[in-house]
Q: 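Input: one structure, supplied below.
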Amino acid sequence: GLARAGDGTMWAGSCDRGLLRFDGQSFVPVAGPELRVHNIWPAHRGGLWVAAKPGGLSHFDGVQVRPVLPELPTCAGPVSPRGCAHEVLGIAEIGTALWLGLRDGTAYLVESERVVRRVGREQGMPESGLTTLVGDDDGTVWLGSPGGGIGRLRGDRAVFVPAEDALPTSVYGIASDGAGHLWLSSNDGVYRVSRRALHERLDGRGGPVTAAHFQIEHGMESVRCARDFVSPILRRRDGRIAVPTVTGVSTFDSREPERLPPQHVSIDAVWRDGQRLERDGTDGRLVTARGAGRLRVQVSAPTLYAPT
């Protein structure tokens, strides 16, 4: 995983080299070479949150890695290539609270380094587990599942968008663009969906949710987005959305252009077989005989689609 700490330093986590810091030219190991780091996140209080096999959570303060939350479950015995069921896949810091999402589909609310709430299947979490858990700009906790799609966690209840909606059933990553949309990476491309429409649907006040769907024809390297061992989707500092795929990184401009009403189009001239047609003197119509021929039309229209 990759993360930029609060001081701007870029960090990487590796399964065989621990934590590494980018020195401007390369990533240099600095701590925890014995750790099989799965992912890292910037911590609001400084430093990094570190998730490693076989599970659990640690905090790195810039000098040492300190285990926290010993009550979290861990995986005993060998860990499969896909990973441990109890690995932390997502973190959301909202105020002083910390939400953790585990691969097995369990979420934990942590306060003062102590688990105060567990949310599992009996509270609506998906049987297929989780791929991500992220906090939104408005304090919402969003959930991504490899078989349950996208859901929302509020209090001790999780609710997921019904499968019949036009959204992916496998959501690998979630990112907010700060302009009212969530971007979802999946095994079938990238989706952009209205955050308001999602809230209304999950509150039972709205109909099926639709989304803009981006695939190969929109410039993606591959529709198979990455999951598990890399950051599945990122919002860059310039506002663009970066999505790792199995063949490279695809980027999207999250700024939706302003939609203007249809503009008046003027027909300036028409040629048939190279001969310009003249307008009728009575009503201004252009008239030509029926039959085959090469037609060329010159038009004028305003170019105010997205003025800057």
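All of these numbers come straight from a predicted model, not from anything done at the bench. Throughout, numbering of the chain's residues begins at 1 and tracks the sequence.
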Q: Between Val171 and Gly149, what is the shortest heavy-atom contact and its length?
A: CG2-C, 3.6 Å
Q: Check Val243 against Pro232 and note the closest heavy-atom contact, atom names and distance.
A: CG1-O, 3.9 Å
Q: Should we say atom CZ of Arg235 is surrounded by more than 12 heavy atoms from elsewhere, each under 6.0 Å from it?
A: yes
Q: Is a donor on one side and an acceptor on the other found under 3.5 Å between the side chain of Gln123 and the backbone of Gly120?
A: yes
Q: Shared ILVMFWY cluster between Leu153 and Leu202, side chains joined below 4.5 angstrom?
A: no
Q: Do you know the tightest heavy-atom contact between Pro29 and Arg17?
A: CG-NH2, 3.1 Å
Q: I need the Ile233 CD1 to Tyr172 OH distance, nearest 0.5 Å.
A: 13.5 Å
Q: Ion pair present between Arg152 and Asp203, side-chain N to carboxylate O less than 4.0 angstrom?
A: yes
Q: Does any N or O in the side chain of Thr247 come within less than 3.5 Å of the main-chain N or O of Glu221, such that one atom is a donor and the other an acceptor?
A: yes
Q: Ser185 side chain to Gly173 main-chain N or O, any donor-acceptor pair under 3.5 Å?
A: yes
Q: Check Gly189 against Met220 and note the closest heavy-atom contact, atom names and distance.
A: CA-SD, 3.9 Å
Q: Going from CG on Asp238 to OG1 on Thr251, what distance comes out if it is rounded to the nearest 0.5 angstrom?
A: 8.5 Å
Q: Hey, any chance Trp11 and Val65 share a hydrophobic cluster, counting ILVMFWY side chains that come within less than 4.5 Å of each other, even indirectly?
A: yes
Q: Between Arg201 and Pro162, what is the shortest heavy-atom contact and its length?
A: NH2-CG, 3.5 Å
Q: Within the distance-only criterion (no hydrogens, no angle test), does the side chain of Ser266 pair as donor or acceptor with the backbone N or O of Ser300 below 3.5 angstrom?
A: no
Q: Applying side chain to side chain contact (heavy atoms under 4.5 Å, CB included) to Arg117 and Asp156, what does each step give before you reach the verdict?
A: CA-CA 8 Å; Arg117 185 180 304 161; Asp156 60 354; 3.9 Å; yes
Q: Quick check: do Ser194 and Glu200 have side-chain heavy atoms less than 4.5 Å from each other?
A: no
Q: Take a 6.0 Å sphere around CD of Gln275 and say whether it holds more than 12 heavy atoms from other residues, nucleotides or ligands.
A: no
Q: Quick one: sort the Trp183 and Phe214 rings into parallel, tilted or perpendicular, breaks at 30° and 60°.
A: parallel
Q: Is there a path of hydrophobic side-chain contacts, each under 4.5 Å between heavy atoms of I/L/V/M/F/W/Y residues, joining Val193 to Val161?
A: yes
Q: Could you list the donor-acceptor pairs under 3.5 angstrom formed by side chains in residues 42-52, with sequence neighbours left out?
A:
| residue | atom | partner | partner atom | Å |
| --- | --- | --- | --- | --- |
| Arg45 | NH1 | Glu113 | OE2 | 3.1 |
| Arg45 | NH2 | Glu113 | OE2 | 3.1 |
| Trp49 | NE1 | Glu93 | OE2 | 3.1 |

Q: To the nearest 0.5 angstrom, please state how far the CG atom of Leu234 sits from the CD1 atom of Ile241.
A: 8.5 Å
Q: Quick one: CG on Asp104 to CZ on Arg121, what's the gap to the nearest 0.5 Å?
A: 7.5 Å
Q: Just by distance, no angles: are the side chains of Asp188 and Ser186 close enough, under 3.5 Å, to form a donor-acceptor pair?
A: no
Q: Going by the ring pair (Phe, Tyr, Trp, His ring centres under 6.0 Å) test, which pairs reach into residues 101-148, not counting sequence neighbours?
A: Trp142-His199
Q: Going by heavy atoms in the side chains, are Asn39 and Glu87 under 4.5 Å from each other?
A: no
Q: Taking C-beta and beyond as the side chain, do Ile40 and Phe60 meet within less than 4.5 Å on heavy atoms?
A: no
Q: If you apply the rule side chain to side chain contact (heavy atoms under 4.5 Å, CB included), what do you find for Leu133 with Leu100, and how did you get there?
A: CA-CA 7 Å; Leu133 175 151; Leu100 310 179; over 6 Å; no
Q: Donor-acceptor pair, Asp165 side chain versus Val209 backbone, under 3.5 Å?
A: yes
Q: Under 4.5 Å between side-chain heavy atoms, counting indirect links through other Ile/Leu/Val/Met/Phe/Trp/Tyr residues: same cluster for Phe252 and Val249 or not?
A: no
Q: Answer yes or no: are there more than 12 heavy-atom neighbours, outside Arg195 itself, under 6.0 Å from its atom CZ?
A: yes
Q: Is a side-chain N or O of Asp273 found less than 3.5 angstrom from the main chain of Arg294, in a donor-acceptor match?
A: yes
Q: With heavy-atom distances below 4.5 Å as the criterion, would you say the side chains of Ile150 and Leu182 are in contact?
A: yes
Q: Just wondering, do Phe22 and Arg4 contact through their side chains at under 4.5 Å, heavy atoms?
A: no
Q: Evaluate side chain to side chain contact (heavy atoms under 4.5 Å, CB included) for Leu102 paired with Leu130, printing each intermediate quantity in order.
A: CA-CA 6 Å; Leu102 275 60; Leu130 291 178; over 6 Å; no
Q: Evaluate the side-chain proximity of Ser254 to Arg192: yes if any heavy-atom separation is below 4.5 Å, no if none is.
A: no
Q: Give the intermediate values and the outcome of side chain to side chain contact (heavy atoms under 4.5 Å, CB included) for residues His86 and Leu72.
A: CA-CA 8 Å; His86 300 306; Leu72 285 182; over 6 Å; no
Q: Any luck finding a side-chain donor-acceptor pair between Thr131 and Arg227 under 3.5 Å?
A: no
Q: If you draw a 6.0 Å radius around CG in Leu277, do more than 12 non-hydrogen atoms from other residues or ligands fall strictly inside?
A: yes
Q: Kindly check if the number of other-residue, nucleotide or ligand heavy atoms within 6.0 Å of CD (Glu127) is above 12?
A: no
Q: Side chains of Leu57 and Ile91, heavy atoms from C-beta outward: is any pair under 4.5 Å?
A: yes
Q: Under the criterion side chain to side chain contact (heavy atoms under 4.5 Å, CB included), which of Leu69, Thr96, Val116, Val68 is the partner of Val110?
A: Leu69
Q: With clusters defined by side-chain heavy atoms of hydrophobic residues (ILVMFWY) lying less than 4.5 Å apart, directly or transitively, does Val119 cluster with Leu143?
A: yes
Q: Could you verify whether a donor N or O on one side chain and an acceptor N or O on the other, from Ser128 and Ser145, lie under 3.5 Å apart?
A: yes
Q: If I take atom CD from residue Gln215 and atom OH from residue Tyr191, how far apart are they, to the nearest 0.5 angstrom?
A: 6.5 Å
Q: Ile94 and Gly139: which non-hydrogen atoms are nearest, and at how many Å?
A: CD1-O, 3.0 Å
Q: Would you find more than 12 non-hydrogen atoms of other residues, nucleotides or ligands less than 6.0 Å from Arg205 atom CZ?
A: yes
Q: Would you mind reporting whether His38 and Arg103 have side-chain heavy atoms less than 4.5 Å apart?
A: yes
Q: Rounded at 0.5 Å granularity, tell me how far CG in Leu98 sits from CZ in Arg114.
A: 13.5 Å
